[in-house]
K.L.:
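The structure under discussion is supplied below as structure tokens; questions concerning it will follow.
Counting from 1, the numbers follow the sequence of the chain as shown.
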Amino acid sequence: MKTCLVIAAALAPVSVQASAQDFNGPSVGVQAGWNRTDARLPQGGNGIPGIDRSTDAFVGGAFLAYDDEVAPRIVIGGQAEFNVAASDDFGEVGETAARRVNPRYAFDLTARAGYLTTPATLLYVRGGYSNARVRTTIGTDAGDRSSSAHRDGWMIGGGAERMITDHVSARLEYRYTDLGEGPGRFDRHQVLIGAAYRF
């Protein structure tokens, strides 16, 4: 979190020559930052323990995006991305069984709408669909049994993006994702720093 804020502050005074077309067209980029997963999963049968844990981890990924300035200072766009977190698995040990959950990776398909406070600086909100591939391992005296499933959910967030050269922009973004299905909870909070090359 501290690193994200320091970099954001460093970007603020950067001076660039920008035109009104900076946030139009396709872009590709990378992002990384902080990920917190809050999970409250109910107890299962055969002694499978419930889980109530929060886990912090590093997350990184890549994205493809397209933006269009549909009106003066108003930008809308779409983004597809793939993210992986490191060491974000968690679990619980019960009397007769252990349960381990490993969120392996996630896909997001989102839209954003923003306002150009200057020709080079965009403030925006984002929202859309999120999908996480999660592996669950149940351990008993008879051995371990693993299964994988997709968790569907939704995401909402916002941030700021600024052009730092004619084709390169940097961003700072917060997002909240709800991946809960049925009883229980499976939420994510992320703070991400990203860089994009704009064609």
Side-chain angles (χ1 to χ4, degrees), residues 1-11 27-44 48-65 79-94 97-110 112 124-139 144-161 169-196:
M1 284 288 289
K2 292 181 180 178
T3 302
C4 293
L5 294 174
V6 168
I7 293 176
L11 289 175
S27 62
V28 296
V30 293
Q31 59 191 12
W34 168 78
N35 179 94
R36 165 166 282 187
T37 300
D38 295 325
R40 183 178 297 154
L41 306 178
Q43 183 176 350
I48 298 173
I51 295 177
D52 189 355
R53 291 289 181 89
S54 294
T55 303
D56 294 318
F58 171 84
V59 63
F63 59 84
L64 298 171
Q79 180 170 296
E81 62 187 83
F82 175 81
N83 297 296
V84 178
S87 301
D88 62 336
D89 58 323
F90 53 89
E92 191 69 62
V93 177
R99 185 181 190 180
R100 198 80 189 165
V101 178
N102 181 11
R104 299 175 61 198
Y105 53 82
F107 294 97
D108 295 320
L109 295 173
T110 60
R112 74 172 179 175
Y124 62 88
V125 293
R126 180 187 302 284
Y129 167 76
S130 185
N131 177 281
R133 182 70 167 175
V134 179
R135 174 181 290 167
T136 301
T137 301
I138 305 298
D144 294 344
R145 184 179 75 256
S146 295
S147 62
S148 294
H150 287 283
R151 279 184 169 267
D152 296 310
W154 54 270
M155 184 263 284
I156 190 168
E161 185 168 356
S169 64
R171 64 169 68 166
L172 176 64
E173 181 174 318
Y174 165 79
R175 54 178 63 175
Y176 166 78
T177 305
D178 184 344
L179 295 164
E181 295 180 349
R185 185 182 72 192
F186 201 105
D187 300 340
R188 276 183 173 162
H189 301 269
Q190 294 176 327
V191 177
L192 301 174
I193 296 172

K.L.:
Nearest 0.5 Å, please: how far is CZ in Arg135 from OG in Ser146?
P.N.:
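Those atoms lie 6.0 Å apart.
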K.L.:
Looking at residues at least two apart in the chain, or sitting in another chain, which of them share a side-chain contact (heavy atoms from CB on, under 4.5 Å) with Ala160?
P.N.:
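For Ala160 the side-chain contact (heavy atoms from CB on, under 4.5 Å) partners, ignoring immediate neighbours, are Leu123.
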K.L.:
Go through the structure and list residues passing side-chain hydrogen bond (donor to acceptor under 3.5 Å, both in side chains) with Ser54, not counting sequence neighbours.
P.N.:
Asp38
K.L.:
Side-chain contact test, heavy atoms from C-beta onward, threshold under 4.5 Å: evaluate it for Arg104 versus Ser148 and give yes or no.
P.N.:
yes
K.L.:
Ignoring hydrogens and angles, state whether a donor on the side chain of Glu81 or Gln31 is under 3.5 Å from an acceptor on the partner side chain.
P.N.:
yes
K.L.:
Applying side-chain contact (heavy atoms from CB on, under 4.5 Å), name anything that partners Val93, two or more places apart in sequence or on another chain.
P.N.:
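So Val93 forms a side-chain contact (heavy atoms from CB on, under 4.5 Å) with Ala98.
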K.L.:
Could you state the interatomic distance from CZ (Arg100) to OG1 (Thr136), rounded to the nearest 0.5 Å?
P.N.:
11.5 Å
K.L.:
Not counting sequence neighbours, which residues clear side-chain contact (heavy atoms from CB on, under 4.5 Å) with Asp152? List them please.
P.N.:
Tyr129, Asn131, Glu181
K.L.:
Is any side-chain heavy atom of Asn102 less than 4.5 Å from a side-chain heavy atom of Thr137?
P.N.:
no
K.L.:
Rounded to the nearest 0.5 Å, how far apart are CD of Glu173 and CG of Leu192?
P.N.:
6.5 Å
K.L.:
Apply the test salt bridge (Lys or Arg N to Asp or Glu O under 4.0 Å) to residues Asp108 and Arg175: give CA-CA distance (whole Å), side-chain angles for both, the deciding distance (0.1 Å), then the verdict.
P.N.:
CA-CA 12 Å; Asp108 295 320; Arg175 54 178 63 175; 3.5 Å; yes
K.L.:
Enter the distance from Arg151:CZ to Asp178:CG here, rounded to the nearest 0.5 Å.
P.N.:
9.5 Å
K.L.:
Can you tell if the side chain of Arg53 reaches within under 4.5 Å of the side chain of Val101, non-hydrogen atoms only?
P.N.:
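In short, these two side chains do not touch, never coming nearer than 4.5 Å.
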K.L.:
Quick one: is the NZ or CZ of Arg112 closer than 6.0 Å to the six-membered ring centre of Phe63, and within 45° of its axis?
P.N.:
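Geometry flag: not set, cation outside 6.0 Å or 45°.
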K.L.:
Out of curiosity, Asp52 CG to Phe90 CZ, how far, rounded to the nearest 0.5 Å?
P.N.:
10.5 Å
K.L.:
Side chain to side chain donor-acceptor pair (under 3.5 Å): which pairs involve residues 185-195, sequence neighbours left out?
P.N.:
Asn35-Gln190, Tyr174-His189, Tyr176-Asp187
K.L.:
Taking all non-hydrogen atoms of both residues, which atom of Gln79 and which atom of Ala65 are closest, and how far apart?
P.N.:
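Nearest pair, atom of Gln79 first, then Ala65: OE1-CB, 4.0 Å.
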K.L.:
Starting at CZ of Arg36, measure out to OG1 of Thr55 and round the result to the nearest 0.5 Å.
P.N.:
8.5 Å
K.L.:
Could you work out, with side-chain contact (heavy atoms from CB on, under 4.5 Å) as the rule, every residue matching Tyr105, not counting sequence neighbours?
P.N.:
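Once residues adjacent in sequence are excluded, the partners of Tyr105 under the side-chain contact (heavy atoms from CB on, under 4.5 Å) criterion are Phe82, Val84, Phe107, Arg133.
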